[in-house]
There are 2 protein chains.
Amino acid sequence: MSTDTTDDEVAALLRTADQRYTSGRRRLVAALRRGDGPMTIPQILELDGALAQSSVYRNLVVLEEVGAVTRIVTRDDFARYELAEDLTGHHHHLICTSCGQVSDFALTPAVEAELDKALRSVARRSRFAVEGHRLDLVGVCADCR
Amino acid sequence: MSTDTTDDEVAALLRTADQRYTSGRRRLVAALRRGDGPMTIPQILELDGALAQSSVYRNLVVLEEVGAVTRIVTRDDFARYELAEDLTGHHHHLICTSCGQVSDFALTPAVEAELDKALRSVARRSRFAVEGHRLDLVGVCADCR
DNA sequence: ATGAGTGCAAAGGCTTTGCATTAGG
DNA sequence: CCTAATGCAAAGCCTTTGCACTCAT
C-alpha cells in the first residue's frame, strides 16, 4: 500500500462527507501510518509535536466518522487509533497485558472464513445484525517477557 | 451452576488472597449473577440500591484480582463486569453498537479448537505468551433493530 | 469573504482515593 | 481487639467543549 494511495483514499472519504483534508489532518494520518499498530494520543503527539491535543481528538472523531480511522479501546488508560481496515485490510490485535502495547496480526483466509461462518450462525440465532467481529490475542509481548 | 457453588468458589478465591467475603461482596456477586451478561456499575447499583458506588468499584477490583470477576471494556462510557470464565465457562460477547448492551455466546468446541490452534501459531511467530483470547461480535441487537 | 478548522484553556464524566467509621475473624 | 472493609465526598485523569483566531476554498 503506497503512501499516496492511502492519502488519496482518506481524501476521498473526507470529501464524501464534505470535510476538508487539512494539513493537520494529513500530519495526523501520516503519524498513524508511521506507528506500527494502534497508537494512543500521547504517542501521536510525541511523534509529531506540531499537533495540538484537542485538534487530534477532534480530527480522530471526524476520521472515524468517515471510516478512515478505527478507535480501539483496551484496558489501558488511553484509547488507541489506527487506519481503518478498508485502508489496511482486515486484521486482529495482539494486546500486551504488561505494557499495553497493541500490534496487528492476520489469520489465514481459511480460518477467517470458518470463523465468519460460525459467527453468522450465532448471529442468526440471536437475531443480531452483524457489523463485524473483533478478535484479540491477550498476553505478554516479546519485549515484556 | 448452582448458586451455592458459585459462592463457594468466590469465597475460596478470596480466601486464597487473604480477602474477606463480606456481605457487601456477597451482594455484589449476587447482582452479577442476576444480570444476564456483563453489567455496568450503574446497572449494578440500580439492581441493589444497598450497595455504595465506591465500594462496588473497589470490590470489583479485588474480585478481579483474585480471578472471580472479569472487567470488559467496550466503546460505551461505562466498563462492564461479569463473573470470570473459571466460574461460568469460556464464552464470547455480542456487543450492540446502538445501545451498548453486551450479552454472552459460545462457539462450538470444534470451532473454538481450530481458532485456538490458529492463535497459538500466531503467538509462536510473534514470540507472544498467550494468556487468552477475546472474540466479540459487533452489531445491532434484536431489541435495537 | 465566510464558514470550517485550530489551539488554548476550562469543563465533563467515569473512576479512584482520603479519611473517619463500622464490622469481620 | 485490631485490621480490613465501608461510605461519603473530593480529587484524578482522559476526553470533550467553548471561544476567539486562522486558514482553506
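Note on naming: letters A, B, ... go to the chains in the order of the sequence lines (proteins, then strands), and numbering restarts at 1 for each one.
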Handout entry: Parallel, tilted or perpendicular: ring planes of B:His133 versus B:His92, cut at 30 and 60 degrees
Key = parallel

Problem - Closest nucleotide among D:dT15, C:dC14, D:dA5 to the B:Arg25 side chain - result: D:dA5

Practice task
Using heavy atoms and a sub-4.0 Å distance, could you list which residues of residues 58-71 of chain A are near DNA chain D? By number, please.
Solution key: A:Arg58, A:Arg71

Exercise for the section: Using whole Å, report how far CG of A:Asp76 lies from C1' of D:dT15. Expected result: 15 Å

Exercise for the section: Ignoring backbone atoms, establish whether B:Tyr57 has a side-chain N or O less than 4.0 Å from OP1 or OP2 of C:dT15. Expected result: yes

Problem - Contact nearer the 5' end of DNA chain C, comparing A:Gln53 with A:Val56 - result: A:Val56

Exercise for the section: Report which part of the nucleic acid A:Ser54 touches: base, sugar-phosphate, or nothing (heavy-atom distance under 4.0 Å, all strands). Expected result: base

Problem - Whole angstrom value for the distance that separates C1' of D:dA4 from OH of B:Tyr21 - result: 17 Å

Handout entry: B:Arg27 and B:Ser23 side chains, donor-acceptor separation under 3.5 Å
Key = no

Practice task
Would you check if A:Asp104 and A:Glu82 make a side-chain contact, meaning some heavy-atom pair closer than 4.5 Å?
Solution key: yes

Problem - Under-4.0 Å side-chain N/O to phosphate OP1/OP2 contact, B:Ser55 with D:dA5 - result: no

Practice task
Using a cut-off of strictly less than 4.0 Å, decide whether B:Gln19 has a side-chain nitrogen or oxygen near OP1 or OP2 of D:dA5.
Solution key: yes

Practice task
Please work out if A:Phe78 contacts a base, only the sugar-phosphate, or nothing of the nucleic acid, heavy-atom cut-off 4.0 Å.
Solution key: sugar-phosphate

Practice task
For B:Thr22, answer base if it contacts any base atom (sugar-phosphate contacts may also be present), sugar-phosphate if it contacts only those atoms, and nothing otherwise; contact means non-hydrogen atoms under 4.0 Å.
Solution key: sugar-phosphate

